[in-house]
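Here the structure comes first, spelled out in structure tokens, and everything after it is commentary.
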Amino acid sequence: SLGVNWTDISLNERNYNSIATSSSGKYCSTTVQGGVIYNTTDYGITWTQSNNAPNANWKKIAISANGQYQSACIQNGSIMHSSDYGVNWLTSNAVAVNWSDITISASGKYQSACVNVGNISYSNDFGVTWTQSNAPSDTWSAISMSSKGNLQTAVSLQHIYRSTDYGVTWSVSSGDIITNATSMIMS
């Protein structure tokens, strides 16, 4: 049975803070707080440092279903994206703010990211360009989307919001409650 036995892969002691895995498990990337990004292309057996991801205060990383497209947000920084399984990284046009979470559709085309004490932004070109949505400024802590990317949910300490148009427009959920949520997931 899967997940019963675990193997120490000895990446040394680092402050790993976010990890994302492709649907097959073959591709996986992890961020290091105050460090770089590491990738595996062999189901986690061996890990290599990405070519040009800078030392940064990485907050979260997200990966498409096939692993090809990846994006990672930097706390008090921008959002970087990769289209080659996390090997090389480019800086997007996202403004440097206190990003708190990022999510990606199965195809990688649709992405959204939220800001702690700020707004929600979206991308419909694999994370290359970002546009601020109509979501209000809030203490956004987590964001998630369906595999297609059209349905999205975001939570703050005070609210639950939803989008049905790939993160472009947001409205308060009918079940809005004070959540104190710090994480969420969507099927």
Side-chain angles (χ1 to χ4, degrees), residues 2-3 7 9 11 14 16-33 35-75 77-96 99-115 120-133 142-154 163-168 183-187:
L2 299 176
T7 303
I9 56 174
L11 285 178
R14 294 185 176 95
Y16 299 104
N17 66 333
S18 183
I19 191 165
T21 306
S22 66
S23 61
S24 69
K26 181 176 182 180
Y27 301 98
C28 185
S29 294
T30 184
T31 58
V32 177
Q33 178 70 21
V36 295
I37 296 175
Y38 290 89
N39 311 302
T40 181
T41 59
D42 58 8
Y43 302 94
I45 297 169
T46 59
W47 292 78
T48 56
Q49 183 176 325
S50 65
N51 286 341
N52 60 338
N55 285 323
N57 289 322
W58 299 103
K59 185 66 176 175
K60 295 284 183 171
I61 191 166
I63 190 170
S64 64
N66 70 358
Q68 180 179 358
Y69 299 100
Q70 301 183 25
S71 288
C73 54
I74 301 170
Q75 191 172 9
S78 188
I79 295 175
M80 296 193 74
H81 61 95
S82 171
S83 60
D84 61 2
Y85 301 91
V87 175
N88 297 292
W89 291 83
L90 298 170
T91 303
S92 73
N93 73 327
V95 296
W99 297 104
S100 55
D101 200 8
I102 190 166
T103 187
I104 191 169
S105 65
S107 69
K109 180 176 180 176
Y110 301 103
Q111 303 182 22
S112 290
C114 57
V115 179
I120 297 173
S121 293
Y122 65 92
S123 171
N124 57 15
D125 62 1
F126 301 92
V128 177
T129 58
W130 291 83
T131 304
Q132 186 174 305
S133 73
I143 190 166
S144 188
M145 71 171 57
S146 62
S147 62
K148 282 178 54 178
N150 58 323
L151 304 176
Q152 301 185 22
T153 306
S163 171
T164 59
D165 60 0
Y166 300 92
V168 176
S183 184
M184 69 176 308
I185 194 164
M186 187 176 214
S187 64

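One is the number of the first residue; the rest follow in order along the sequence. These numbers come from the heavy atoms of this one structure, side chains and all, not from hydrogens, waters or symmetry mates.
Between the CG atom of N88 and the CG atom of N52 there is a distance of 5.0 Å, given to the nearest 0.5 Å. To the nearest 0.5 angstrom, S146 atom OG is 7.5 Å from Q152 atom CD. Taking OH of Y85 as the reference point, atom OG of S29 lies at 12.0 Å (rounded to 0.5 Å). Atom CD of Q70 is separated from atom OG of S64 by 7.0 Å, given to the nearest 0.5 angstrom.
Judged purely by atom type and a 3.5 angstrom limit, S78 uses its side chain to pair as donor or acceptor with the backbone of A94. At least one donor-acceptor pair under 3.5 Å links the side chain of T40 to the backbone N or O of T46. A donor-acceptor distance shorter than 3.5 angstrom exists from the side chain of S100 to the backbone of C114, with no hydrogens or angles considered. Remark: the backbone N or O of I104 is not paired with any side-chain donor or acceptor of Q111 at under 3.5 angstrom.
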Does Y27 form a side chain to side chain contact (heavy atoms under 4.5 Å, CB included) with N39? I'd like the steps, not just the answer. CA-CA 7 Å; Y27 301 98; N39 311 302; over 6 Å; no
Going through the checks in order, is the side chain to side chain contact (heavy atoms under 4.5 Å, CB included) test met by R14 and Y38? CA-CA 11 Å; R14 294 185 176 95; Y38 290 89; 3.2 Å; yes
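Contact detail for I37 and T31: the closest heavy-atom pair is CG1-CG2, 3.9 Å. Shortest non-hydrogen contact noted between S92 and G127 is CB-O, 3.4 Å. The two residues G167 and S112 come nearest to each other via the heavy atoms CA-OG, 4.1 Å. Listed here is the closest heavy atom pair of I63 and A20: CG2-CB, 3.4 Å. When all heavy atoms of K60 and D101 are compared, the pair lying nearest together is CG-OD1, 3.4 Å. Nearest heavy-atom pair, S121 versus Q132, reported as atom, atom and distance to 0.1 Å: OG-CA, 3.6 Å.
Partners of D165 under the side chain to side chain donor-acceptor pair (under 3.5 Å) rule, at least two apart in sequence or in another chain, are S163, T169. Every residue two or more places apart in sequence or in another chain was checked for a side chain to side chain donor-acceptor pair (under 3.5 Å) with S18, and none qualifies. Listed by chain and number, the residues in a side chain to side chain contact (heavy atoms under 4.5 Å, CB included) with Q33 are N15, N17, N57, Q75 (sequence neighbours excluded). Every side chain to side chain donor-acceptor pair (under 3.5 Å) that S82 has, sequence neighbours left out, goes to D84. The side chain to side chain contact (heavy atoms under 4.5 Å, CB included) search around A65 returns S23, A106, not counting sequence neighbours. Residues passing the side chain to side chain contact (heavy atoms under 4.5 Å, CB included) test with S105, sequence neighbours excluded: S107, Y110, M145. Residues that satisfy the ring pair (Phe, Tyr, Trp, His ring centres under 6.0 Å) test with Y69, not counting sequence neighbours, are F126. Qualifying side chain to side chain contact (heavy atoms under 4.5 Å, CB included) partners for T129, counting only residues two or more places apart in sequence or in other chains: N93, D125. The side chain to side chain donor-acceptor pair (under 3.5 Å) search around N55 returns none, not counting sequence neighbours.
For the pair V32/W58, no side-chain contact is recorded, criterion being any heavy-atom separation below 4.5 Å from C-beta on. For the pair C28 and W47, the minimum side-chain heavy-atom distance is below 4.5 Å. Contact check for C73 versus I79: side-chain heavy atoms found under the 4.5 Å cut-off.
Taking the six-membered ring for Trp and thresholds of 30 and 60 degrees, W99 and W130 have ring planes inclined between 30 and 60 degrees apart.
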